[in-house]
Amino acid sequence: MNKIKNIGVLTSGGDAPGMNAAIRAVVRAAIYYDLKVTGVLRGFEGLVHGDFIDMDRKSVANIIQRGGTILKTARSDAFRTPEGREQAYQQLLKHNIDGLIVIGGDGTFTGANLFSTEFNFPIVGLPGTIDNDLQGTDFTIGYDTAINTVINAVDKIRDTAESHDRLFIVEVMGRDSGLIALRSGIGVGAEAILIPETNIGVDGLINRLENGRKDKASKIIVVAEGDEMGAFNVGEVLKKRFPNYDIRVSILGHIQRGGRPSCMDRVLASRLGVAAVEGLVSGHSGVMIGQVNRELVFTPFDHAIKHIDAQEVSPAWLKLVEILSL
Ligand code: F6P
């Protein structure tokens with residue numbers, strides 16, 4: 001028996017391109033199945049304070065192509081406390097919301113997992129983060145757009161690097177994950193990639209540069225934000241070791257989080273958004289809906305947030321970088 005009649009939907013943590021497409025899919029699927037749908041503003045922070053809006057077919061019109069999130073997002077300190085979560089629960093009861101769909105990354109699912117266990121409240125998650133650092137889905141919503149933003153930016157950096165015979169160290173996002181760096185680095189033909197999971201280290205990098213091509217002065221080194229040394233320190237070390245190199249550091253920053261979502265992200269968000277509503281209605285809870293080998297898969301939150309380990313990022317990918325940078 002379906003007891004869900006009113007679904008709350010929120011976006012939380014860092015925004016990601018495709019979140020709007022996911023919200024649209026959730027709202028339209030809820031309407032399709034004759035359910036009420038309530039938007040929660042600013043993620044868990046809005047849940048605690050009861051910042052809710054009624055949503056209908058029109059409130060999600062013309063948003064599939066827009067970056068960011070119309071529901072806004074936040075990282076909530078209040079929701080980290082038992083009192084804050086109790087207040088959030090009371091808000092849900094008061095507004096007759098009986099199921100939640102949360103769109104976000106590992107921080108979002110950590111909070112959702114706690115809340116759903118504490119109050120036995122039905123929650124299904126959608127993977128929305130540019131970092132792609134969740135288990136239970138091949139790709140997260142926003143990742144494809146972000147890596148395309150990175151390659152567009154680095155292609156431009158490559159032009160000026162070539163003109164000036166410069167070495168560029170480009171830092172890309174991923175506080176705990178090197179997956180943006182890895183894939184975009186391969187996509188731009190980087191000479192080396194530094195990521196937190198399996199780091200070749202600065203010695204490995206020096207070695208690579210010493211033994212690499214001498215006929216090509218311009219080089220691109222992609223460094224993940226979560227790398228233990230960080231782009232500026234890597235730059236300093238290389239300047240000392242290679243005084244003849246003309247070195248520049250470029251931090252791409254938050255441009256990676258914005259922009260029109262790619263078709264891949266729009267379609268992924270749309271498919272997962274509909275599946276999240278169907279999953280919630282059919283009794284799934286405490287799980288993230290993802291896509292693995294093109295199939296829809298539910299993964300418990302506590303497994304989804306386990307960090308991708310070094311083996312999965314894998315030396316094979318880094319070997320690829322080495323082979324291709326010859
Ligand atoms: O989690 C997504 C992410 O973009 C990370 O890659 C990055 O480290 C972080 O968010 C930045 O967060 P903020 O926008 O709060 O500085």
Side-chain angles (χ1 to χ4, degrees), residues 10-23 41-46 66-69 71-80 102-113 125-137 139-154 169-185 187 193-197 199 222-234 249-262 265 268-269 272 288 290 301 304-308 312-313:
L10 61 82
T11 48
S12 165
D15 62 351
M19 278 185 164
N20 279 329
I23 296 167
L41 299 177
R42 292 189 305 285
F44 292 131
E45 192 63 13
R66 283 166 56 191
T69 159
L71 291 177
K72 299 194 178 284
T73 184
R75 304 191 202 269
S76 173
D77 287 335
F79 197 74
R80 283 183 230 277
V102 299
I103 308 168
D106 57 356
T108 305
F109 295 161
T110 305
N113 195 28
L126 282 175
T129 165
I130 64 165
D131 291 349
N132 202 35
D133 58 346
L134 295 168
Q135 304 275 2
T137 193
F139 299 108
T140 55
I141 299 161
Y143 178 62
D144 183 61
T145 308
I147 55 179
N148 278 292
T149 299
V150 172
I151 65 167
N152 285 328
V154 179
I169 296 158
V170 182
E171 186 190 282
V172 300
M173 273 190 164
R175 191 170 26 209
D176 304 308
S177 165
L179 295 177
I180 293 178
L182 191 61
R183 207 168 269 259
S184 62
I193 300 175
L194 299 184
I195 57 173
E197 292 88 347
N199 212 327
V222 175
V223 180
E225 181 189 349
D227 173 71
E228 58 184 11
M229 275 196 77
F232 282 109
N233 288 334
V234 171
V249 177
S250 180
I251 311 284
L252 295 190
H254 286 78
I255 61 161
Q256 295 163 90
R257 284 240 296 262
R260 292 155 59 92
S262 67
D265 277 330
L268 180 67
L272 296 184
M288 178 196 86
F301 283 139
I305 59 185
K306 277 199 189 113
H307 275 284
I308 314 286
E312 273 173 82
V313 170

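Because the structure is a prediction, the values reported are computed rather than measured. Counting convention: from 1, in listed order, for ligands and their atoms alike.
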- Does any non-hydrogen side-chain atom of Y143 lie less than 4.5 Å from one of I180? yes
- Task: Can you sort out which atoms of ligand 1 are near R257, meaning under 4.0 Å from one of its heavy atoms?
- Result: 3 (C), 4 (O), 9 (C), 10 (O), 11 (C), 12 (O), 13 (P), 14 (O)
- Message: Give me the nearest non-hydrogen protein atom to atom 15 (O) of ligand 1 as residue plus atom name, then the distance to 0.1 Å.
- Response: R75 NH2, 3.0 Å
- Near E225, which atoms of ligand 1 are under 4.0 Å from a heavy atom of that residue? 6 (O), 7 (C), 8 (O)
- Message: Looking only at the side chains, is there a donor atom on one of S262 and D144 sitting less than 3.5 Å from an acceptor on the other?
- Response: yes
- Message: With heavy-atom distances below 4.0 Å as the criterion, list the atoms of ligand 1 near H254.
- Response: 13 (P), 14 (O), 16 (O)
- Query: Is there a side-chain contact between L134 and D106, using heavy atoms and a 4.5 Å cut-off?
  - Reply: yes
- Query: Under the side-chain contact (heavy atoms from CB on, under 4.5 Å) criterion, do M288 and F301 qualify, and how do the steps go?
  - Reply: CA-CA 6 Å; M288 178 196 86; F301 283 139; 4.3 Å; yes
- Message: When you compare ligand 1 with G174, is there at least one nitrogen or oxygen pair between them that comes in under 3.5 angstrom?
- Response: yes
- Note on the structure: ligand 1 atoms nearer than 4.0 angstrom to some heavy atom of M173 are 4 (O), 6 (O)
- Task: Go through the steps to decide whether V150 and Q256 satisfy the test side-chain contact (heavy atoms from CB on, under 4.5 Å), and finish with yes or no.
- Result: CA-CA 7 Å; V150 172; Q256 295 163 90; 3.5 Å; yes
- Note on the structure: At under 4.0 Å between heavy atoms, what of I180 touches ligand 1? The answer is neither
- Measure from atom 6 (O) of ligand 1 to every heavy atom in D176, D131, T140 and give the option owning the shortest one. D131
- Close side-chain approach of D131 to D176, heavy-atom, < 4.5 Å: no
